[in-house]
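Since we're looking at a predicted model, the values are computed, not measured. Note on naming: letters A, B, ... go to the chains in the order of the sequence lines (proteins, then strands), and numbering restarts at 1 for each one.
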Number of protein chains: 2
Amino acid sequence: MPRLTEARKELRRAQITEAAVRCFGRRGLERTSIADITAESGLSTGSIYAHYRNKAELIQATARATLVERAETLGRYADGDHPPGPDELLARMTAAIDPVAARFGVQIWGEATTDPVIGGIVVDMIDGVRAVVRDCVTAWLVKVEGRDPAEAGERAAPIAHRVMALYLAELLQAALRPNTEETTS
Amino acid sequence: MPRLTEARKELRRAQITEAAVRCFGRRGLERTSIADITAESGLSTGSIYAHYRNKAELIQATARATLVERAETLGRYADGDHPPGPDELLARMTAAIDPVAARFGVQIWGEATTDPVIGGIVVDMIDGVRAVVRDCVTAWLVKVEGRDPAEAGERAAPIAHRVMALYLAELLQAALRPNTEETTS
DNA sequence: GTCTATACGATGATAGAC
DNA sequence: GTCTATCATCGTATAGAC
């Protein structure tokens with residue numbers, strides 16, 4: 001019996017955070033009011049506060065949800081028997097960038113600068129993705145380049161570092177691309 | 001006569017924006033109130049609003065001031081008869097990163113996501129720095145690597161692109177490094 | 001759990017003396 | 001140009017009915 005209600009609860013939370021990313025993508029973290037999110041989600045103030053203690057907690061939850069989703073997407077591009085090389089991997093990662101998520105992501109970077117909790121989330125996420133990239137590059141070095149596994153592990157780290165930097169730069173660029181959806185200011 | 005007063009005015013504006021970056025670096029763009037900036041600058045509300053129409057304009061001015069200052073610093077690292085190679089250039093650029101400015105810079109990225117004016121400032125700044133880097137790399141290719149000028153120009157662009165990505169990633173990392181100065185929440 | 005209505009605090013901005 | 005004092009607005013969060 002807790003099963004079903006627990007699932008429903010999680011569904012509501014997802015409904016809220018998904019509405020939240022859209023709002024944040026439009027007006028930014030602090031400019032979107034709770035009222036904006038109620039309008040976007042179709043729920044009410046009370047309902048939102050039943051699921052999140054306050055706005056900060058909602059932002060954290062939204063950040064976590066978005067970032068782990070992105071990490072999972074990228075992880076999918078990195079595995080398989082024929083691991084892509086660095087260039088191909090980067091191309092796939094770049095292609096997978098969603099403009100709205102990118103905007104929200106960069107806003108989260110800014111918030112991480114000030115809020116230690118968000119900071120931890122962002123650092124964990126970046127470290128996680130970097131690890132995935134490193135593993136992928138290692139596998140590629142071994143399986144298609146024919147390197148020795150031990151040597152590949154060493155070589156992979158700096159390559160992964162560069163791939164990550166290029167990816168983050170692409171993310172930033174996507175976030176800065178003028179928003180098609182007008183910023184009703 | 002307008003000379004002197006104009007200079008004084010510019011000095012006041014600098015005094016305000018410098019106090020502003022410190023405040024922004026501490027508490028973030030929207031969490032710092034005008035009161036915070038008056039406290040940090042030693043000025044009063046009225047004085048600030050005599051120089052800037054509103055808070056948004058103050059943020060824009062602060063962003064412009066900080067970003068052009070950074071661009072100038074980087075430009076200095078890039079010229080001379082013995083232009084540094086890409087690795088050395090990146091090392092210098094990274095070493096020149098100021099933690100407070102980095103935090104503010106990343107916050108500005110987030111704001112650029114939403115505010116078209118800030119967006120323009122950030123894009124201009126990134127493009128400007130990239131151009132400086134490209135010129136430096138070109139000069140290096142010609143003067144120390146002995147490449148043909150025409151060929152150097154072509155090769156420099158992608159290298160500059162990578163150097164920029166690595167630099168932006170370092171900037172982000174610096175901004176995410178836990179703040180020593182506590183976030184009086 | 002979800003709603004409506006509301007209290008309360010914070011802060012951006014202005015007025016007017018000096 | 002700079003100050004102090006004040007206003008008005010807005011948005012978070014809560015209370016209480018259903």
Is there a side-chain polar atom (N or O) of [X] under 4.0 Å from OP1 or OP2 of [N]?
| X | N | result |
| --- | --- | --- |
| Lys55(B) | dT11(C) | no |
| Arg31(A) | dG11(D) | no |
| Arg8(A) | dG1(C) | no |

**OP:** Output all residues satisfying salt bridge (Lys or Arg N to Asp or Glu O under 4.0 Å) with Glu88(B), sequence neighbours left out; order by chain, then residue number.
**Re:**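 If we apply the salt bridge (Lys or Arg N to Asp or Glu O under 4.0 Å) test to Glu88(B), skipping adjacent residues, the hits are Arg92(B).
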Grab the [atom1]-[atom2] distance between [X] and [N] for me, whole Å please.
| X | N | atom1 | atom2 | value |
| --- | --- | --- | --- | --- |
| Arg13(B) | dG1(D) | CZ | P | 10 Å |
| Leu29(A) | dT12(D) | CG | C1' | 15 Å |
| Glu30(B) | dA10(C) | CD | C1' | 15 Å |
| Leu11(B) | dG1(D) | CG | C1' | 15 Å |
| Leu58(A) | dG11(D) | CG | C1' | 14 Å |
| Asn54(B) | dT9(D) | CG | C1' | 15 Å |

Partners of [X] by side-chain contact (heavy atoms from CB on, under 4.5 Å), sequence neighbours excluded?
| X | result |
| --- | --- |
| Asp135(A) | none |
| Asp98(B) | Val100(B), Ala101(B) |
| Val123(A) | Asp127(A), Leu176(B) |

Original post:
Salt bridge check: are Glu151(A) and Arg155(A) linked by an N-O gap of less than 4.0 Å?
Top reply: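 Looking at Arg155(A) together with Glu151(A), the answer is yes, because their closest N to O distance falls below 4.0 Å.
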**OP:** Specify the residues of residues 33-52 of chain A, ordered by number, for which at least one heavy atom lies under 4.0 angstrom from an atom of DNA chain D.
**Re:**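 Ser33(A), Ile34(A), Thr45(A), Tyr49(A) - these, ordered by number, are the residues of the stretch whose heavy atoms sit under 4.0 Å from the strand.
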**OP:** Hey, could you give me each pair passing ring-ring contact (aromatic ring centres under 6.0 Å, His included) that has a residue in residues 21-43 of chain B? Not counting sequence neighbours.
**Re:**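 Listed by first then second residue: Phe24(B)-Phe104(B).
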